[in-house]
Amino acid sequence: MRASRLHLVTYREDPADAEVVSHRLMARAGLIFKMGSGMYAYSPLLWRAIRKATNIVRRELDASGCLELQLPILQDKSLWEETGRWEKYKAAGVMLSTTDRKGTTFGLAPTAEEVVTAFMRATTKSYKQLPVTVYQVHTKFRDEIRPRFGLLRVKEFLMMDAYSFDVDDAALDITYEELRKAYHRVFRGMGMEAFGVEADSGDFGGSGSMEFMIPASTGEDTILYEEASGYAANVEKATSQFAAPEGADEAPRDLHVEDTPNVRTCEELNGFFPDVPVHRMVKTLLYKAVHHDHEELWACLIRGDQQANEIKLRNHTGGLALEMLTDEEIRQHTGAKQGFAGPINMPEAFNIVADVTVEGMTNLLCGVNETDKHALDVNIGRDFPVPTFADFRTAREGEPGPSGEPLKLEKGIEAGHIFKLGTEYTAAMGATFMGQTGKPQPMVMGCYGIGVSRCVAAAVEQHSDDNGIVWPVPLAPFEAVVAVLKPKKAEMLAHGEAIYASLQAKGIEVMLDDRPLSPGAKFRDLELMGFPYVIVVGRDIDEGVVEFKVRATNETDKIAIDDAVSTVVERVTAERTGLLER
RNA sequence: CGGGGCGUAGCGCAGUCUGGUAGCGCACUUGACUGGGGGUCAAGUGGUCGUAGGUUCAAAUCCUAUCGCCCCGACCA
């Protein structure tokens, strides 16, 4: 393609709302055009990159025996009601919906388990047809609370979603493992190192799931990992070991209630009682769990030096959503101001649970649901009933992980997620097949997603410098550019066109930059757009010399014009497969 | 959902407090000179000032409503 015909537009200034590097650079390079909050037009240049990312996904999934199909974006509400997820997604605020002229309500696909299960239900009769894994690359919609960071968090995006159907759990395990490997090939094939981490299964349910994270300082997810053991988990799911409660063998002392006016935090309480360290206090966090037809009150006890993990707690409550009580609700339910809730005199309406760090604590300090008062030397079982103990705490960097190594922290962009769903959806929707035994049984399902448009943004997030984007070759909109510095000079242009034609003949995706820009403007522009290799046809052309520029290093070599094509071909073909072993 | 802020040319912004001819930079068009790191000069194009209503002789500016966008918070007991 000729640059003069590519509708290239670049900007010298950053957009006012760009916070992260990929957003900034993609906007400046004219790759994305904002149409509204969380909605972007993709430029022709960006679409080339997205198409390449899509094709890498296709290549690896096809190699794993997956079948591409296409499912509707408009999905009937009643289909989602079969699995109970309409309520769930509405409660979570994720589902965008619309209605047709008859008043029928449709969801705009945030994902497609229901639709694909309905498809398989209608088309699968026998175990002989299984296993089947289908996938599509299609637009998805999510009503994000707060779209931001350019293409990294948007309301409308391009996603690959795959769904596997197996005869039993053992068969699912094999399929899941196959897809896990394919996922690593996909990310490596894009030129990125993604690592798999244990993840919360979120709204999908199911027995196992793994997220694929692309390390980036601006990532919205936090990963905790152990260096040697290979343990890595999303902070939403991560566990760590903790020190046993201090004074476990102390004799219980008599409970006494003291005045603690206007305290709000454990640190402030510590000011009143310097002898009681924060880790001998118990915080009482008050929540409501929202279910589809009712709300429940929950109180979670946790040691003063620990932080609650609301995802773990929500999973325990089984609610669709978990919300902290407002100050007003706290007053209404406990009669006390915010800051004084406690397991003592707790209204019966509350379900009380406690984090495992609370188990075994003695002579602790906690609230008594009375404004401006706290109790000291409280003992579990004696002063309040023994609650259910479980892991409700947030693991933190530096704490010993499951294998005992100190946990390290890394920020990442969630690029993919794989789940073992089991029969949750197929059973609910009656998607059964005739087994070998002659009895109908539900298909065992897995689901798998890759944020294709997000991956492309993540690639920019990971590969850039002060001058702009540095595309990895597998995603680059063009693998190479032939830049003619003075396109008005017919002879120079002819040399450029000859190199361009040869590269094309060799199968290189090449752009001829024939735009009449000043050399400085042209160099900056090409660097901003981030093409991996540039052959500069300039002042030395009369001596038969051109320049070979490497975007990643910004190094320039003068080479003979006759070597230009072979140099580019060699470099590009070496990098086309990303990080895959050849 | 709570708090704060912003809507003025394609982009980035000033002008609003104190009502009186709508501006600047970039980009874009034409011409000339340039030609290896966003070059120079000259002449131009482009805006119902988010929308609707109100006050006023007069509204980008004041008032009301509304729509949109951005940021922070929503891990506090």
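Using a cutoff of 4.0 Å between basic side-chain nitrogens and carboxylate oxygens, A:Glu87 and A:Lys90 are not scored as salt-bridged. Salt bridge annotation for A:Lys34-A:Asp17: present, with a cationic side-chain nitrogen under 4.0 angstrom from a carboxylate oxygen. At a threshold of 4.0 Å, the pair A:Asp221-A:Lys411 does not count as salt-bridged, since none of the basic side-chain nitrogens sits closer than that to a carboxylate oxygen.
A:Lys522 has its NZ atom 13 Å from the C1' atom of B:rG38, to the nearest Å. Rounded to a whole Å, the NE2 atom of A:His23 is 12 Å from the C1' atom of B:rC69. Between A:Phe523 atom CZ and B:rG39 atom P there is a gap of 14 Å when expressed in whole angstrom units.
The base-pairing partner of B:rC62, taking Watson-Crick or G-U wobble contacts with both distances under 3.5 Å, is B:rG54. When Watson-Crick and G-U wobble pairs are counted only if both distances are under 3.5 Å, B:rC6 pairs with B:rG68.
For the segment residues 546-564 of chain A, residues with any heavy atom less than 4.0 angstrom from an atom of RNA chain B are, sorted by number, A:Glu547, A:Lys549.
Rounded to whole Å, the C1' atom of B:rA60 lies 7 Å from the corresponding atom of B:rU16. The separation of B:rG73 from B:rC17, taken at their C1' atoms, amounts to 30 Å, rounded to a whole angstrom.
If you check B:rC75, B:rG38, B:rA74 against the side chain of A:Glu310, the one that comes closest is B:rC75. Side-chain proximity of A:Lys488 to B:rG35, B:rA77, B:rG38: nearest is B:rG35.
Annotation: A:Trp80 is in aromatic contact with A:Tyr89 [ring centroid separation under 6.0 Å].
An OP1 or OP2 oxygen of B:rC75 is reached within less than 4.0 angstrom by no side-chain nitrogen or oxygen of A:Lys283.
Annotation: cation-pi geometry not satisfied between A:Lys549 and A:Phe531 (NZ/CZ under 6.0 angstrom from ring centroid, within 45° of ring axis). Cation-pi contact between A:Arg48 and A:Phe478: present, with separation from the ring centre below 6.0 Å and deviation from the ring axis of at most 45°.
Using a 4.0 Å heavy-atom criterion, one finds that A:Ala16 contacts the sugar-phosphate atoms exclusively.
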